[in-house]
Every structure is written in structure tokens, then in C-alpha cells.
A.B. asks: 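Quick one: structure below, then a few questions.
Below, chains carry the letters A, B, ... as their sequence lines are ordered, and counting in each starts from 1.
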2 protein chains.
Amino acid sequence: MNRLIKNKHIIIYGILLAALLFLMKWLELRFIVIDNALDLYVGAIAVIFTALGIWLALKLSRPKVNTVQVEKNIYINNTGNFICNEAALSQLNLSRRELEVLQLMADGLSNQEIAERLFLSLNTIKTHSSKLFEKMEVERRTQAVDKAKKLSIIA
Amino acid sequence: MNRLIKNKHIIIYGILLAALLFLMKWLELRFIVIDNALDLYVGAIAVIFTALGIWLALKLSRPKVNTVQVEKNIYINNTGNFICNEAALSQLNLSRRELEVLQLMADGLSNQEIAERLFLSLNTIKTHSSKLFEKMEVERRTQAVDKAKKLSIIA
DNA sequence: CCAACGCTCATACTTTAGGGTGATTTTATA
DNA sequence: TATAAAATCACCCTAAAGTATGAGCGTTGG
């Protein structure tokens with residue numbers, strides 16, 4: 001059923017084409033095409049079918065989808081106690097380690113200090129921070145911290 | 001000249017149409033259209049001009065754009081009103097510029113971005129940030145931001 | 001069992017941050 | 001007006017941050 005609707009325009013085109021051909025056949029029988037009028041006849045067909053083609057193309061051409069992101073602000077009342085915004089947190093899909101690193105970043109620690117605090121190598125912290133920035137769609141730790149605080153992901 | 005380019009497709013269409021009509025005329029003269037073959041002849045013309053029409057339409061019609069709006073939630077922590085801790089602020093003895101730079105740092109901007117925002121050179125921002133760190137007794141911008149927020153010096 | 005994921009770490013590289021020093025120009029104020 | 005503080009900018013250098021890529025390992029769920 002869906003297919004029928006989908007190909008509606010093609011079907012209409014087919015019907016129209018058939019109708020036109022019948023009409024021509026009828027005209028041919030009726031007036032027996034005069035040799036001199038052949039040019040006119042061919043021209044008319046050409047014009048009609050060009051128009052038909054244009055119509056078909058306009059109907060069939062699928063519109064280009066243009067996605068526009070609309071930012072919707074959601075204000076969170078955070079009076080006094082810190083309440084973790086679980087929704088935003090899960091939306092970011094941060095792993096445990098990444099969140100841990102983010103928290104330490106927010107405390108002003110350098111990557112080296114974070115590495116020492118967590119008994120990891122500096123490279124590991126860099127990897128975590130990179131992935132973390134990607135997920136949070138930021139470029140710098142300062143941005144990450146700012147965003148995280150605004151989202152109430154960290155205290 | 002611009003018009004010529006703009007109407008390029010229409011011109012090409014005209015030329016193609018003329019060429020086709022000439023071809024048909026030639027075929028007509030060459031083989032003298034047989035009555036039985038007329039249907040085939042007309043059918044061919046119909047197909048060709050339909051194709052031509054489709055091509056024309058695709059070339060001429062500006063692409064349809066379907067705009068889809070996607071909502072993106074932005075959580076904003078609205079901690080009521082910000083009350084600046086004037087006492088702590090004056091104790092740090094930060095200059096106007098330094099405080100300004102500190103605020104922009106807290107917003108996650110890089111030194112380069114801060115420089116552009118304030119119409120200053122990168123070096124100037126570095127100087128300000130250095131002095132700022134000294135006065136705040138910190139080593140990194142992240143620490144400075146953390147401390148400033150804890151002291152309620154900035155929002 | 002294996003595919004996917006998270007965690008760990010490495011190497012190599014580029015960019016940004018920060019420190020030190022010095023210089024010029026405003027600006028406020030004693 | 002002299003002077004100190006603030007503001008501006010430059011240059012050089014080191015440290016830290018960040019990017020890209022790849023690899024090994026352990027857990028987990030279909």
C-alpha cells in the first residue's frame with residue numbers, strides 16, 4: 001500500500017502517457033495525418049512530453065534535508081546542595097574514569113597531578129581527557145569544567 | 001555574459017531540441033515514415049522529450065530544501081543570584097583587566113580567544129594571567145578559576 | 001566464542017600555557 | 001609634576017596540554 005502511494009507520480013505519469021498515446025491514435029485515425037502537418041504533430045508531442053518530464057521531475061525530486069539545531073535552555077535550580085544532573089550525565093555517556101578525570105580537572109589539577117593521584121601514566125590521562133573532550137564537544141579542559149558545572153555534572 | 005551562463009541549460013535544451021527535430025526531419029526524408037511505424041516513432045519522441053524535460057527540470061529547479069529542526073537541550077545551572085564576595089576580591093588586589101581576564105578564563109576561553117575578545121595581543125593576556133596567578137597564588141588557569149568560584153569572586 | 005567496549009600505555013607531533021625579562025605608554029594620585 | 005601602579009606589547013624559552021594513531025588486556029553480552 002505504501003509502495004502505491006510512494007510511486008503515485010510514476011503511475012499518474014504512466015496513465016497520462018497512455019491517455020496521450022490513445023488520443024494521438026484517435027487523432028491519427030480521425031484526420032489521417034497529413035504529411036505537411038507531421039512537423040507540427042511531432043512538435044506538439046515534443047512540447048507536451050517535455051512538460052510532462054518537467055512535471056515528473058519536480059514531483060519526484062526528493063527535497064534536500066537541512067537539519068537545524070535549535071538550542072533549548074533548561075534552567076536548573078540548584079539552591080545550596082549539589083544535585084547531580086543524572087540526565088545530562090548519562091546523555092554525555094562518560095565512562096567512570098573520564099568522569100573521575102573531569103572532576104580532578106575541575107579541582108584545578110594538572111594532567112601530571114591527576115596521573116599521580118590515580119596511579120596512572122600521564123599518557124593515560126591524556127587519552128581520557130581527549131575522549132572526554134570529544135564526548136563533551138569541547139576543546140579545552142577549562143571549557144569542559146565550565147560546561148560540566150553548568151550541567152551540574154560535577155560539584 | 002552572466003546571463004548567458006545563467007541560462008546555459010535553457011540554451012543547451014534549445015540546441016538539443018533543434019538537433020532532435022533536424023534528426024527527425026532527416027529520418028523522415030530518408031525512410032519516409034511508414035504508417036505502421038508511426039506509433040514507434042511517436043513513442044520514441046515521447047520518451048526522448050520526457051527525458052529531456054526531466055533533465056531540464058533537474059537542472060533548472062533550485063534544490064528543494066526541507067528544514068528539520070532538532071531540539072538540543074542545554075542545561076543551565078541557575079543558582080539564583082550571584083553575590084560577589086567583595087571582601088575576598090579586594091583582598092586579592094586584582095586589577096580591572098586581570099579580573100576581566102579571569103572571568104573569560106572561567107568561561108573556557110583560550111588566551112588567544114581572550115586576546116581577540118578584548119582587542120589585545122596574546123602577550124598582553126599572558127602578562128595579565130601571569131600576574132593574576134601570582135596574586136591568587138596559583139599556577140594554572142584551572143586552579144585560578146576553581147579558587148575564584150570558591151571565593152565567589154566570579155559567577 | 002567473539003565483537004564491542006573500556007582501560008591502560010606508548011610514541012610522535014603540534015599547539016597552548018606559563019615564566020622571565022624588559023620596554024613603552026597611560027593613568028591616577030600624592 | 002613627579003611617581004607609582006596599571007596596561008600594553010615583545011622575545012625567548014620551557015612546560016603542559018592536546019591530537020593522532022596504534023596496541024595490549026580484561027570484561028561483558030549476544
Side-chain angles (χ1 to χ4, degrees), chain A residues 84-151 153-154, chain B residues 84-151 153-154:
Chain A
C84 182
N85 182 358
E86 302 287 352
L89 181 55
S90 64
Q91 209 161 9
L92 285 176
N93 198 30
L94 297 180
S95 72
R96 229 157 308 137
R97 273 306 202 195
E98 285 159 0
L99 185 61
E100 212 167 348
V101 169
L102 176 60
Q103 178 63 68
L104 293 176
M105 274 180 179
D107 292 339
L109 301 202
S110 68
N111 285 341
Q112 185 61 58
E113 288 167 339
I114 295 173
E116 284 161 11
R117 181 78 64 96
L118 299 179
F119 303 104
L120 295 175
S121 94
L122 175 59
N123 287 309
T124 304
I125 304 304
K126 285 186 176 186
T127 304
H128 285 318
S129 61
S130 277
K131 298 208 162 191
L132 162 60
F133 296 155
E134 240 181 275
K135 289 183 182 175
M136 293 186 75
E137 296 171 7
V138 297
E139 283 96 46
R140 280 176 285 290
R141 64 210 289 104
T142 44
Q143 281 184 354
V145 169
D146 185 47
K147 190 164 185 175
K149 294 218 173 189
K150 278 178 179 160
L151 289 176
I153 287 173
I154 56 175
Chain B
C84 180
N85 183 355
E86 302 287 354
L89 181 54
S90 63
Q91 207 160 13
L92 284 176
N93 198 31
L94 296 181
S95 72
R96 229 155 308 139
R97 273 306 202 198
E98 284 160 1
L99 184 61
E100 212 167 350
V101 170
L102 176 59
Q103 178 64 65
L104 293 174
M105 274 180 178
D107 291 338
L109 301 201
S110 68
N111 285 341
Q112 184 62 58
E113 288 167 339
I114 296 173
E116 282 160 13
R117 180 80 64 96
L118 300 179
F119 304 103
L120 295 176
S121 93
L122 175 59
N123 287 312
T124 304
I125 304 304
K126 284 185 177 186
T127 304
H128 285 317
S129 62
S130 277
K131 297 209 163 191
L132 162 60
F133 296 154
E134 237 180 282
K135 289 182 183 176
M136 293 185 74
E137 297 172 8
V138 297
E139 283 96 47
R140 279 174 289 287
R141 65 212 286 103
T142 44
Q143 282 182 354
V145 169
D146 185 48
K147 191 162 185 177
K149 295 219 172 189
K150 279 178 179 157
L151 288 177
I153 288 173
I154 56 175

A.B. asks: At a cut-off of 3.5 Å, list every protein nitrogen or oxygen paired with a nitrogen or oxygen from nucleotides 26-30 of chain D, distance to 0.1 Å.
C.D. replies:
none

A.B. asks: State, with a plain yes or no, whether a side-chain heavy atom of A:Met105 is found less than 4.5 Å away from one of B:Thr142.
C.D. replies: no
A.B. asks: For B:Ile114, which of B:Thr124, B:Asp107, B:Ile125 qualifies under side chain to side chain contact (heavy atoms under 4.5 Å, CB included)?
C.D. replies: B:Ile125
A.B. asks: With a 4.5 Å limit on heavy-atom distance, are the side chains of B:Leu99 and B:Leu89 in contact?
C.D. replies: yes
A.B. asks: Rounded to the nearest angstrom, tell me the gap between atom CD1 in B:Ile125 and atom C1' in D:dA10.
C.D. replies: 14 Å
A.B. asks: For a quick check, with a 4.0 angstrom heavy-atom cut-off, what is the B/S/- contact string for nucleotides 12-30 of chain C, read 5' to 3'?
C.D. replies: -----BBS-----------
A.B. asks: Can you tell me if B:Ser130 uses its side chain to pair, donor with acceptor, with the backbone of B:Thr127 under 3.5 Å?
C.D. replies: no
A.B. asks: Set out, in order, the CA-CA distance, both residues' side-chain angles and the distance that settles salt bridge (Lys or Arg N to Asp or Glu O under 4.0 Å) for A:Glu100 and A:Arg97, then state yes or no.
C.D. replies: CA-CA 5 Å; A:Glu100 212 167 348; A:Arg97 273 306 202 195; 3.1 Å; yes
A.B. asks: Output the rounded distance in Å from CG (A:Asn93) to P (C:dA4).
C.D. replies: 16 Å
A.B. asks: Using whole Å, report how far NZ of B:Lys131 lies from P of D:dC9.
C.D. replies: 14 Å
A.B. asks: Report which part of the nucleic acid B:Thr124 touches: base, sugar-phosphate, or nothing (heavy-atom distance under 4.0 Å, all strands).
C.D. replies: base
A.B. asks: How many Å lie between CD1 on A:Ile114 and C1' on C:dT8, as a whole number?
C.D. replies: 16 Å
A.B. asks: In whole angstroms, how far is the C1' atom of D:dA15 from the CD atom of A:Glu113?
C.D. replies: 13 Å
A.B. asks: When rounded to the nearest 0.5 angstrom, what is the spacing between CZ in A:Arg141 and OG in A:Ser110?
C.D. replies: 7.0 Å
A.B. asks: Taking atom C1' of D:dG18 as reference, at what distance in whole Å does atom CE of A:Met136 sit?
C.D. replies: 16 Å
A.B. asks: Taking CD from B:Glu98 and P from D:dA5, how many angstroms apart are they, rounded to a whole number?
C.D. replies: 13 Å
A.B. asks: Mind checking the CZ-CZ spacing from B:Arg140 to B:Phe133? Nearest 0.5 Å is all I need.
C.D. replies: 9.5 Å
A.B. asks: Quickly work out the A:His128 NE2 to C:dG6 P distance and round it to whole Å.
C.D. replies: 11 Å
A.B. asks: Got a second to check how far B:Leu120's CG is from B:His128's NE2, nearest 0.5 Å?
C.D. replies: 6.0 Å
A.B. asks: By the definition side-chain hydrogen bond (donor to acceptor under 3.5 Å, both in side chains), identify the one residue from A:Gln103, A:Lys131, A:Lys135 that meets it with A:Glu98.
C.D. replies: A:Lys135
